[in-house]
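Read the structure below first, then the notes.
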Amino acid sequence: MKRRDLIKYLSVAPIAGAAIGTGVPFQALAGTATAAAKRDVIKELGLRTFINAAGTYTTMTASLMHDEVVDTIQSASNHFVMINEVQDKVGEKIAAMCHAEAAMVTAGCWSALVLGTAGVLTRMDRKKVALLPNLSSFEKTEVIVQKSHNVGYVHALTNTGIVPVEVETAEEMERAITSKTAMMWFLNSSGPMGKIKHEEFIAIGKKHNIPTMIDMAADVPPVENLWKYNDLGFDLVCVSGGKAICGPQSAGILMGKKDLIAAARLSAPPNGGNLGRGMKVNKEEVLGMYVALEKYINTDHAAEWKMWEDRVATIVNAASKVNGVSTEVFVPPVANHTPAIKISWDQSKVKITPRELLKNLQNGSPSVEVMTGPDAINITVFMLKKGEDKIVAKRVQEELAKAAVS
Ligand SMILES: *Cc1c(COP(=O)(O)O)cnc(C)c1O
């Protein structure tokens, strides 16, 4: 390019031009990022943003990533790398942090459930990988699950073609084992409801040489759960990346036995002609997940818990000022194990339904999302940003006070 042409070209496309002309793509791309950051697409499209006092719900985009995670995504996006190498390296790091033999980053916990089950069914047999979800030529096609654990998430497993077999007691579980049994699946959030507890469940699996998998998607905190179920002896452990860990919302972790993780990867991208080709995670999610997990593990969890309790106190104090309103603080024993508030009221004294209250909170400024029940609203505080507890406290108090009979 002649200098004159180059100048002309640079004035039209300064950023791309700089990258090509000067050989400093990093600086050029950093410039792109700054320009992009100034554009507020959410505002441009008129999308409603809100304070999330509800919790980590997929429909609300679940959680917000920390700056370190976004920075990782940003810097990773400037380079080509081999995705298998990224998965290898990150897998080793995650496995070491969580006491597993091996790990991979998946497209959410759901995808970890699908791919882990696929790995159990196919092992390293690529012909089998190509057949899923058609199991007509497979010997092992059943997954044992406790009746109280057989809820919607089982659909992740049935994607692979397996059939769930329900049991209630350990004796029933033993009797249900046949040459068709491929795996045993434990839904951690239903743990307290089931008759067979973790240890016994694993022991039965080991006795019959059948792999066990646990879904603990939303079950940190406590942080120890990230290694507890590996230590206990589950062969596969599935976690959401975009809930309390605050990784990319489209990421999750599958970890466990080395041979099963290697097998699961055959059904995942970049491999094709398989069940999981659509469950893609690129380097940005894989590396972002790694950094988020590391940050989460290194968090001062006691200090964080104290902060949540302070937020809860702020909201409880405000809401309780309205005559006829009662509050209850609770911590779910498993899954979203963080301090939460149930606010209910005597509807003859405060004339508003939970649905109407939610509408008013959504329509207020700033907009606030909470969960509603038949006679209460539920608030969780772990997805709030700094200072938002005071806004939620004020808005809830205002709306309840407005509806109060004087
Ligand atoms: C959220 C959740 C999933 C799905 O996790 P994603 O990361 O959204 O794919 C699976 N199982 C349970 C119990 C969950 O709570």
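Ligands are counted one by one from 1 in listed order, and the atoms in each one are counted from 1 as well.
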Report summary line: the protein heavy atom lying closest to atom 1 (C) of ligand 1 turns out to be K243 NZ, 1.4 Å
Query raised in the report: What residue and atom, counting heavy atoms only, is the protein's closest point to atom 7 (O) of ligand 1, and at what distance?
Result: S240 OG, 2.7 Å
**Report entry** Cation-pi, F80 ring and K283 (6.0 angstrom, 45 degrees)
**Finding:** yes
Requested in this report: Check if V239 has a non-hydrogen atom at a distance under 4.0 Å from any atom of ligand 1.
Outcome: no
**Report entry** Lys/Arg cation over aromatic F330: K342, 6.0 Å, 45° cone
**Finding:** no
Report summary line: With sequence neighbours left out, the residues meeting salt bridge (Lys or Arg N to Asp or Glu O under 4.0 Å) with R175 are none
Query raised in the report: Considering only heavy atoms of A217, which atoms of ligand 1 have at least one such atom less than 4.0 Å away?
Result: 2 (C), 3 (C), 10 (C), 11 (N), 12 (C), 13 (C), 14 (C), 15 (O)
Requested in this report: Measure centre to centre between the rings of F201 and H149, then say whether the value is under 6.0 Å.
Outcome: no
Report task. For E92, enumerate each residue passing the salt bridge (Lys or Arg N to Asp or Glu O under 4.0 Å) test, keeping only those at least two apart in sequence or located in another chain. Result -> none
Query raised in the report: Can you list the atoms of ligand 1 that are under 4.0 Å from a heavy atom of W110?
Result: 4 (C), 5 (O), 6 (P), 9 (O)
Query raised in the report: Can you tell me if M216 has a non-hydrogen atom under 4.0 Å from ligand 1?
Result: no
**Report entry** Nearest non-hydrogen protein atom, atom 11 (N) of ligand 1
**Finding:** D215 OD2, 2.7 Å
Query raised in the report: For ligand 1, which atoms have a heavy atom of G108 less than 4.0 angstrom away?
Result: 7 (O), 9 (O)
Query raised in the report: N/O of C109 under 3.5 Å from N/O of ligand 1, yes or no?
Result: yes
Query - Sub-4.0 Å atoms of ligand 1 with respect to non-hydrogen atoms of L187 - result: 13 (C)
Requested in this report: Heavy atoms only: give me the nearest I177-I210 pair and the separation to one decimal.
Outcome: CG2-CD1, 3.4 Å
Query raised in the report: Can you tell me how far the CG atom of D346 sits from the CG atom of D375, to the nearest 0.5 Å?
Result: 11.5 Å
Query raised in the report: Has ligand 1 got any nitrogen or oxygen that is less than 3.5 angstrom from a nitrogen or oxygen of S111?
Result: no
Report summary line: Heavy-atom nearest pair, K197 first then G194, reads NZ-O, 2.7 Å
